[in-house]
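Data block below; observations after.
Letters A, B, ... mirror the listed sequences (proteins, then strands); counts begin at 1. Atoms considered below: every heavy atom in the structure, side chains included; atoms not considered: hydrogens, waters and symmetry mates.
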Amino acid sequence: MKDIYEDFDRAVCLRGEGRAKKETQWLKVVYGFNEPQLPNNVSSPNFSRIFATNTTAFELLVLKRKIMGPCWLQIKNPQVDNKGVSCTRTIVNHRENIREIVCATARIWSNIDIDDPTPPEALPCTVRTFVRPLDRFPPNFEVRASGNGKGLISPMKNERMLLNSLLVTIHRADPDVIVGHEFLGVSLDVLLHRMRELKADHWSRIGRFRRSRWPPIGRQGTNLRFLSGRLLGDLASDGAKDMITSTTWSLTEMCKTHLKSDRQDIDPDDTASYFDGGVSSPERLLTFVRHCELDAHYQMALAAKVQILPLTRQLTNLAGNSWNKTLNGGRAERNEYILLHEFHRLKYVCPDKLWGKKSAVAAKAENEDGDAEGGKTTKGKRDKYKGGLVFEPKRGLWDKYILVMDFNSLYPSIIQEYNIDFTTVESVEVDADGEEKIPEPPSSEVPQGVLPRLIATLVNRRRQVKSLMKDKKATPAQLLQWDIKQMALKLTANSMYGCLGFEYSRFYARPLAALTTFKGREILTHTRELAESMQLDVVYGDTDSVFVNSNVTELAEALKISAEFKKAVNDRYKLLEIDLDGIFQRLLLLQKKKYAAVKVEDGSRTSTEVKGLDMKRREYCVLSKTVSQYVLEQILSGEATEAVVERIHEYLTTIGEDVRGGKIKLDEFIIFKRLGKNPEDYPDAKSQPHVQVALRMKARGLTARAGDVIPYVFCIGEGGETAKTAQADRAKHPDEVRRSSDELKIDYEHYLAHQILPPIERLCEPIEGTDRARLAECLGLDPNRYRSAAESEERYFGTLDSLMSDAERFKDAEPFLVRCRSCRGQVAFAPISDRESSLLLPSGPACPACQSALGTASLQVQLETQIRGHIAKYYESWTVCDDPTCGNRTRMMGVYGRRCLRQGCRGTVAFEYSDATLYNQLRFYLSLFDAEKAVKTSTGSKADEVKALVDLQGDFLRTMAATAEKYLNQSGRRWVQLSTLFSFMKM
DNA sequence: ATGGTAGGGGAAGCTG
DNA sequence: CAGCTTCCCCTAC
C-alpha cells in the first residue's frame, strides 16, 4: 500500500453513536482505488476508528478540486458545443406481453444555449422518425413518407434495423442532453431490453461510454448509467415533478396547462390499429408518425418552458454534486454535497456514506423505540419528532378584513437566529421514557456554526440577485437568469432543514431538526399571545402564520393594524421577520388546513384563494370541482344568505338533473389517485380502486408503477345495481369506458353521493338555512339517508311534530290577520273547521263584523305581505349566544359562523328568529287553507258541513294554499315530509 | 431507493 | 351493527 501521511487535526462534524465529536488527532492515509477497500469497523491498539474507507472517486474528485457543479475542467481544449435531442418512442404491447418498439423520433437541436429564453420552436432543429411495420406497411406509405414535410420519415424493415438506425443517429448527433417523458422509467427500459434481445449494433452508443459486453440491466428506472456522458432531462422524473405543477404529469395535461396546447391522446391499445397494413390508405399511419414528431417537440418545449436545465444547473452549482443527479434524483444528495464541500473546506472529517442503511443514529433510535413500544407494529413511516403547530381554527365565514401575517422562511431563519448547528448544539441525553429531549440552543457567545453561516450566505446572495433584478436596464434574458438563480438559492436554503430530519441522510441530526421545529412552535405561540395582548383576535394559524382579525371594514385601518403588529413582532427578534402576506376580505374557515378566501390584490382587485378544500385534490373529478367552485363563489359573494342558499339549491337541482340526464362528458368524471407502491405490493389490492385499475393496465401490457397517477371512473357494477359490488371492482380506466361503447355505464348515483355531496356539505356546514339532507334532496338523493346524528334529533322532533295537534304545533305561530276594506276592522283568520269563528262562508270569505265580502285577491296580497314580514324578520339575522353568562345579541351581517364572536366567550350563537320558526309559521298559514285536513279533523254533523264548504270554496282554498306554498318552497326546509304535507295538492 | 411533520377524510376490517 | 382502528392518499406548511 502506498501510504502518505499528513497531519490532520480537525473534529468530526457529527455527533451520535460511534462518532467522535471533540477535536482529536487524525491520521490521513491516501491510497489508490486499485487497492481493496478496508472494512470501516477495523481498529487496533494504535487507532480506534477509521473513516472514509468507502468514499467514492466522484466524491473525492469533486471535494478535492472544489468542483461546484457543471464547469469546464482544464483537461484539454474543451468543445463549446451543446446539443439537445428529444426522443420519443411509442411502444406496442404484443403477444406474450412483451413491449416492442415500432416507432422512434429523434428531434435534434444543435448548439443550444440553455440560458437563451428563445423557445425551441423558434430554433432550428432536425426531425427524424424511424418506423417499422407490424406486418406490412399500408400501401403507398413509403412514397408518402418520403414526401413528408419537415420531418424525415425512415421506414425500417424491422425492429432491429430501427434500433440500429436510431443508434447511428444518436451517435452522429452525440447529444449532451436527452429530453424525454417517462424516458428513464419506461422508454429506456424497453430500449435496453430490445437492443440486447435483438443484438443491436453498437448499442452502447446510447451513452458515451463504449462497451462491447452487456452489463446487467437493472430494475426499471435505475439504468441511468447506460447514458453515461449525457444528461437526461425526464419530464416525469421526481426531480422534474417538483418543478412542474401538475396533477398527473401526463404529457397531455402538461401540454394543456403549460403550453396551452391541445395534445391528442392515443389509447395505447389502439396502436396496433394505426399500423394495420390491410387498409387502403397510409393516412392513419402517417397521423401516428406525426403524433410522434409532435410529441418530441412537446417534450422539448415543456423542458424549456419550465426551465429544467437552467434551474437544475444553478442548483447543482450551489450544491457541488452531479447535474444528472439533480435532474433525476431527490434533494437529499444535493444537501449532502453542499455540506460535504463546506465541512471539507473547514477540514472536518465527515460521516461515512452508509449505503442502503439508515444512519447509525436512526438505527439506534429505532431499536429503542422497538423496546419501548413493544408490540406495536414497526411501520417505516412513523413520525420521529414534532413538527409545526396548527391552531384550532375559529370556523365560519368572516367578513371583516383578515390579516395574514407570516414569517419569511421560518426554519432557515430559526437556524440562523438560534445558531443551530452540528458544531454548536450540545448532544442530548435520553430520558427515562426513551424519549429524546430537545436540546438547548447555544449561548450567544458561541461563534456562528457552519449551517447558520451557510444559510446566511445563501440568503445574502439571494438578496443581492434580487436587487440586481430591480435594474431597469436589465434584458429579459438577464432577468430570467437572475430569477432562476434566486429561486435556486431559496430552494437550497429551504431544503436544509428537511434533510436534518431525514433518517437516511448522511447528515441526519434529529435533535437539530427537533430543536428547529420546537423554536417554531414557541415563536408561533408567542406571536399569538402578542396579538391577543394587542386586543387582536387570531382566527387561525399554521406553522409560520397567524390570521389576525382586524375587525375593521376599512382597508386603510387594516393596513395600519398590520403595520403595528408587524413592528411589535419584529422587535422581538434579531433576524426573524414577520410580514403581511395578504389581506382577506372574506374568509371561509372550515378546518385546519382547509379554507377559502377572497384576497385583496393591489387596488380594488380581488382574487380567490383556496387551500386544502376537496376541490384542490386530485381524487375529486372535474364535475365535483366545478360544482364546489360555484357553491364557493356564492358563499363568498357577500350577498344575502337567502339568495345564496336559494341559488345553491337551484344549481344543485340542475346538476342532479344534468348528471342523470347524461349531459356531462366522461372526462368530467375522471378521478385520479397515485400508486403509493407497485400494484402487486398491496396486501389488500381488492379494496383500492386505483390499484385494481393499475393491475388491469399491467395485464394489458401497460406500465403502472409506484408513483404513477392512475385515472379511473366509477361504473355501474356487473349486477347492474349501484354499490352492490365492491367499490374497487367498479372502477374502470377511462379508455376502458370509451372502448366499451355503452357497455360500461357511469355510476351517476355514486358521483352525486360521493363526489359532489360531501364537498358541498363541508362547504355549507357553517351556512345557516341549509343542511346535508336538504342538499342531498336537491341532488335527487334520498334525504333520509343523509341525516346525520346531530340532525336525527331534529328529525325526532319532526316525527313527534306530525303527531302533534295543530293547536300545539302552532301555538307560537302568529295569526293571519285579515283587514276588511269596508269597515277597516281586523280579525284573525280562524281554521275553517271552526265553524263558529271562521270567516269563510259557503258563499265565500266575508267580514264577520260588517258582513261585506272579502276578495280573494285582497286576501292573497295580505297573506303575502305578512309572510314577507316574517321572512324579513328572519333575515335580519339577529343572533343570540346560548351562553347565559354572555347573552350577546348581535346582527353581524355575513358572519354565518356558529361561534360567539365576543372576546373570550365559548358559546354558540343561534338565530333569534330561526329558520325553524319561520318554517313553522309558513306551515301554519298553509294549514289554514288545508281542505283535506279540515275535513279529517271535523266529526259528526260538522264533518258534512265542512265537506260541503270545501267543495264550494275549493278554488279559493287552493289559491291561498298555493300562495303560502310558494314561500314555503323557498324557505329551505321544504323537504320535511313534503309528500304528506302537500298530498292534497296532487289531486 | 432516499427531504420533514400535521392533519382531514375515505374505505375496510375488527370487535364488543 | 355502531364505533373503533388501520391503512392509504393528498394537501398545507
Next item on the list: Ignoring hydrogens and angles, tell me if any N or O in the side chain of E417(A) forms a donor-acceptor pair with the backbone of L575(A) under 3.5 Å.
Entry: yes
Margin query: So, using salt bridge (Lys or Arg N to Asp or Glu O under 4.0 Å) as the criterion, who are the partners of D406(A) when residues are at least two apart?
Written below: none
Next item on the list: Can you figure out which of dA12(C), dG3(B), dC9(C) approaches the side chain of K673(A) most closely?
Entry: dC9(C)
Check: For T222(A), which contact category applies under a 4.0 Å heavy-atom criterion: base, sugar-phosphate, or nothing?
Finding: sugar-phosphate
Notebook entry, point to check: From Y595(A) OH over to L587(A) CG, what is the distance, rounded to the nearest 0.5 angstrom?
Noted result: 8.0 Å
Checklist line | With R705(A) via salt bridge (Lys or Arg N to Asp or Glu O under 4.0 Å) - residues at least two apart | finding: E182(A)
Check: Tell me: OH of Y497(A) to P of dT5(B), nearest whole Å?
Finding: 7 Å
Margin query: Rounded to whole Å, how long is the line connecting atom NE2 of H690(A) with atom P of dC7(C)?
Written below: 16 Å
Next item on the list: Please report, rounded to the nearest Å, how far the P atom of dA1(B) is from the CG atom of N328(A).
Entry: 13 Å
Check: Which nucleotide sits closest to the side chain of K384(A): dG4(B), dT2(B), dC8(C)?
Finding: dG4(B)
Check: Roughly how many Å is it from CZ in R521(A) to P in dT5(B), rounded to a whole number?
Finding: 12 Å
Next item on the list: Give me the one residue out of K325(A), R506(A), R331(A) that meets salt bridge (Lys or Arg N to Asp or Glu O under 4.0 Å) with E336(A).
Entry: R506(A)
Notebook entry, point to check: Can you tell me how far P of dT5(B) sits from CZ of F502(A), to the nearest Å?
Noted result: 11 Å
Check: In whole angstroms, how far is the P atom of dT2(B) from the OH atom of Y337(A)?
Finding: 14 Å
Next item on the list: Return the angle between end axes of the helix from dG4(B)-dC13(C) to dG16(B)-dC1(C), with five pairs used per end and rounding to 10°.
Entry: 20°
Notebook entry, point to check: Given dC9(C), dG7(B), dC13(C), which nucleotide is nearest the side-chain atoms of V390(A)?
Noted result: dG7(B)
Margin query: Does A332(A) reach a base, just sugar-phosphate, or nothing at all? Heavy atoms under 4.0 Å.
Written below: sugar-phosphate
Margin query: Base, sugar-phosphate or nothing for Y411(A)? Non-hydrogen atoms, less than 4.0 Å.
Written below: nothing
Note to self: Which residues pass the salt bridge (Lys or Arg N to Asp or Glu O under 4.0 Å) test with E342(A), not counting sequence neighbours?
What the structure shows: R345(A), R453(A)
Notebook entry, point to check: Within a radius of less than 6.0 Å around NZ of K386(A), do more than 12 heavy atoms belonging to other residues, nucleotides or ligands occur?
Noted result: no
Checklist line | M496(A) CE to dG3(B) P, straight-line distance once rounded to whole Å | finding: 14 Å
Check: Would one find a side-chain N or O of Y595(A) under 4.0 angstrom from OP1 or OP2 of dG7(B)?
Finding: no
Next item on the list: Examine the side chains of N321(A) and T326(A) and answer whether a donor and an acceptor come within less than 3.5 Å of each other.
Entry: yes
Check: For T525(A) and L389(A), what are the C-alpha separation, side-chain angles and deciding distance, and is it a side-chain contact (heavy atoms from CB on, under 4.5 Å)?
Finding: CA-CA 8 Å; T525(A) 308; L389(A) 177 63; 3.4 Å; yes
Next item on the list: In whole angstrom, give me the gap between the P atoms of dC13(C) and dT2(B).
Entry: 27 Å
Check: Which part of the nucleic acid, if any, lies within contact of G387(A), taking any heavy atom under 4.0 Å across all strands shown: a base, the sugar-phosphate backbone alone, or nothing?
Finding: sugar-phosphate
Check: How many Å lie between CZ on R674(A) and P on dC7(C), as a whole number?
Finding: 18 Å
Note to self: From C-beta outward on T543(A), which listed nucleotide comes closest to its side chain: dC13(C), dT5(B), dC10(C)?
What the structure shows: dC13(C)
Note to self: List the residues meeting salt bridge (Lys or Arg N to Asp or Glu O under 4.0 Å) with D238(A), not counting sequence neighbours, and say none if there are none.
What the structure shows: none
Nucleotide N/O of nucleotides 8-11 of chain B paired with protein N/O under 3.5 Å:
residue	atom	partner	partner atom	Å
dG8(B)	N2	R617(A)	NH2	2.9
dG9(B)	OP2	Q591(A)	NE2	3.2
dG10(B)	OP1	R762(A)	NH1	2.7
dG10(B)	OP1	R762(A)	NH2	3.3
dA11(B)	OP1	Q727(A)	NE2	2.9

